[in-house]
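All heavy atoms count here, side chains included; hydrogens, waters and symmetry mates do not.
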Amino acid sequence: MAAGWYVSIKSGHFSLNKDFCEFFPLVIVWHKVYFSQNTFIKVNRVTSMLGQRIHQARLAADLTLEALGQQLEVSKAAIQKYEKGKATPDSSKLLKIAKACGVRTEYFFRKSTVTLSNIEFRKHSTFGKKRSDAIQIRITEMIEKRVELLNAFPELPIPHFAVPGCVPRQIEDLDEIEGIAENVRHAWELGLNPIADLTAELEPLGLLVMAVDVEHKAFSGMTATAMTVDGQYYPVIVVSSRWPGDRQRFTLAHELAHVLFAGRLTDGVNEEKACNRFAGAFLAPRESVVKELGSQRKRLEPQELYHLKHEYGLSMAGWVMRAFQCGVIHDGLREATMRMFSARGWRTNEPGEVLPNEAPSLFEQLVYRALAEDLISEAKAAELLGIPRMRFYRERLMESADAVTHQ
């Protein structure tokens, strides 16, 4: 691994810490530089950025100052000094911080920075502000990696996302949304057939789609707009990797609606209801619902709903709602069917095999493309993917761990 130096300039004296050479490129931290004319300048931008990164990593890991201090065997006050840029942790302490917070050491010195705005969570109230803030920090780090990768290309490998022209500037009624969902599908050349892989359809449009591992079940997903320091904007859609495929797909479509409808819903239209309506209509268009179920029904069979769930990637309960919204069943039958679902525990866990998870893959694909085009090094590729170099080496050559060990 290429060597580098951690250089600390303090009171006019240089201090070199060789431990850092194994992990970081050249990083210069300016503490105090004294000049001959009794003036003194304190330049601490890098120290401040490092402190901010430590603070963000701690929050994302849901650690208190005391908890992180215990793992480093330092006081709460020492951690506060690190975070406020009043002190700089040495190499061993920084490695311990990275391990405790579950990040790679490169995170503390990444140059690409983004800010999130227009944040909309799909979560239960029990998720809380503290967890929401931690998720935002984790997502920001993931976006920073994606922005750094995209900036490595001479020309962006994905287009700038644009809301299709078929989406009206003003949406005044929920009933309009059926037609909007159908028109969006046509604009993106999706037709009316089931969408096999929703993530694979959304990523090439310029949306940053990510799945995050969130243990708390109150979180389903979120949308945001990521802005880079050079003024670039990226719409972001996030889903929890813990939910089954049908829940993920509905969340993706729901969050997509937030992106499409931003600033377009009139005061009389409830945004969450509008996004739910779009999600159902986008995954199972009216014409497809009528084709599969018929124009009028007096009863819906669970096995029938189960097969449609696996064909369209929309839950059984979602199909009941779509049947009602499309006029196939009346409200009394919808309520009776959902009561049956509740009695059998299907509102929480639907029967049968679960749908496969949605798995965003464009980022990893672009990492290997950039590597093949000599736009990034092997070390940078491993860093962006967040895996050790040896594991990256094995995966790059598509070899098993045993094959590499016995070479």
Side-chain angles (χ1 to χ4, degrees), residues 158-159 161-168 171 174-207 209 211 221 235 237 239 243-261 274-297 300-329 334 337 350-362 365:
I158 59 173
F161 178 79
V163 176
C166 59
V167 180
I171 301 172
L174 285 177
D175 291 334
E176 296 179 50
I177 293 173
E178 288 284 341
I180 294 171
E182 184 174 330
N183 289 337
V184 169
R185 287 182 65 119
H186 284 306
W188 291 340
E189 300 180 350
L190 297 176
L192 296 174
N193 293 323
I195 301 173
D197 188 340
L198 183 55
T199 302
E201 299 294 344
L202 298 181
E203 287 189 295
L205 297 171
L207 291 158
V209 182
I237 297 179
V239 294
W243 288 105
D246 55 306
R247 175 70 175 266
Q248 288 181 322
R249 288 163 61 86
F250 192 88
T251 298
L252 280 170
H254 176 100
E255 301 301 339
L256 172 63
H258 277 294
V259 175
L260 297 176
F261 295 164
C275 292
N276 281 337
R277 185 68 175 267
F278 175 88
F282 189 72
L283 293 172
R286 180 189 296 274
E287 186 175 324
S288 299
V289 172
V290 174
K291 181 189 75 172
E292 300 289 357
L293 296 177
S295 58
Q296 291 288 322
R297 294 288 295 274
L300 297 173
E301 284 289 333
Q303 278 286 358
E304 175 185 25
L305 298 174
Y306 175 75
H307 285 292
L308 289 172
K309 168 183 175 176
H310 282 265
E311 184 176 356
Y312 284 83
L314 179 65
S315 68
M316 294 168 65
W319 269 97
V320 175
M321 179 58 71
R322 288 300 292 147
F324 168 67
Q325 290 170 344
C326 297
V328 175
I329 62 173
R334 179 192 67 80
T337 305
E350 293 188 345
E353 294 184 12
V354 299
L355 261 66
N357 289 111
E358 290 280 326
S361 60
L362 183 61
Q365 175 192 330

Would you please name every residue forming a side-chain hydrogen bond (donor to acceptor under 3.5 Å, both in side chains) with E189, sequence neighbours left out? none
So, using side-chain hydrogen bond (donor to acceptor under 3.5 Å, both in side chains) as the criterion, who are the partners of E176 when residues are at least two apart? none
Roughly how far, to the nearest 0.5 Å, is CH2 of W319 from OG1 of T337? 14.5 Å
Is the closest side-chain heavy-atom distance between I329 and L293 below 4.5 Å? no
Can you check whether W243 reaches T251 side chain to side chain, under 4.5 Å on heavy atoms? no
Heavy-atom check, side chain of M316 versus side chain of P351, under 4.5 Å: yes
Ignoring hydrogens and angles, tell me if any N or O in the side chain of H258 forms a donor-acceptor pair with the backbone of I237 under 3.5 Å. no
Would you give the length of the straight line joining atom CG of L305 to atom CG of L300, rounded to the nearest 0.5 angstrom? 5.5 Å
Check whether any side-chain heavy atom of T199 sits under 4.5 Å from a side-chain heavy atom of V239, and report yes or no. no
Minimum heavy-atom distance I195-E201, with the two atoms named: CG2-CG, 3.8 Å
Any sub-3.5 Å donor-acceptor pair from E203's side-chain atoms to L362's backbone N or O? yes
Residue pair P164 / W188: nearest heavy atoms and the distance that separates them: CG-NE1, 3.6 Å
Heavy atoms, side chains only, cut-off 4.5 Å: are V259 and F261 in contact? no
E358 vs V209, side chain to side chain contact (heavy atoms under 4.5 Å, CB included): CA-CA, chis, key distance, verdict: CA-CA 10 Å; E358 290 280 326; V209 182; over 6 Å; no
Sub-4.5 Å side-chain heavy-atom contact between I180 and L260: no
Which pairs, with at least one residue in residues 313-326 and sequence neighbours excluded, count as a salt bridge (Lys or Arg N to Asp or Glu O under 4.0 Å)? E178-R322
Counting distance only, does the side-chain N/O of E301 pair as donor-acceptor with the main-chain N or O of Y306 below 3.5 Å? no
Quick one: CZ on F250 to CG on N276, what's the gap to the nearest 0.5 Å? 4.5 Å
Say you draw a straight line from CG of L256 to SG of C275; how long is it, rounded to the nearest 0.5 Å? 9.0 Å
CG (L190) and CZ (F282) are apart, to the nearest 0.5 Å, by 5.0 Å
Quick one: does N183's side chain have a donor or acceptor within less than 3.5 Å of a partner on V167's backbone? no
Is the shortest side-chain heavy-atom distance between Q248 and L198 below 4.5 Å? no
Please identify each residue that fulfils ring pair (Phe, Tyr, Trp, His ring centres under 6.0 Å) with F324, with sequence neighbours left out. none
Can any side-chain N or O of R297 pair as donor or acceptor with the backbone N or O of A323 at less than 3.5 Å? no
Below 4.5 Å, heavy atoms only, C-beta onward: do L355 and S315 meet side chain to side chain? no
So, using side-chain hydrogen bond (donor to acceptor under 3.5 Å, both in side chains) as the criterion, who are the partners of E350 when residues are at least two apart? K309
Name the atoms and distances for all side-chain donor-acceptor pairs under 3.5 Å in residues 285-292, with sequence neighbours left out.
| residue | atom | partner | partner atom | Å |
| --- | --- | --- | --- | --- |
| S288 | OG | L192 | O | 2.8 |
| E292 | OE2 | Y312 | OH | 2.9 |

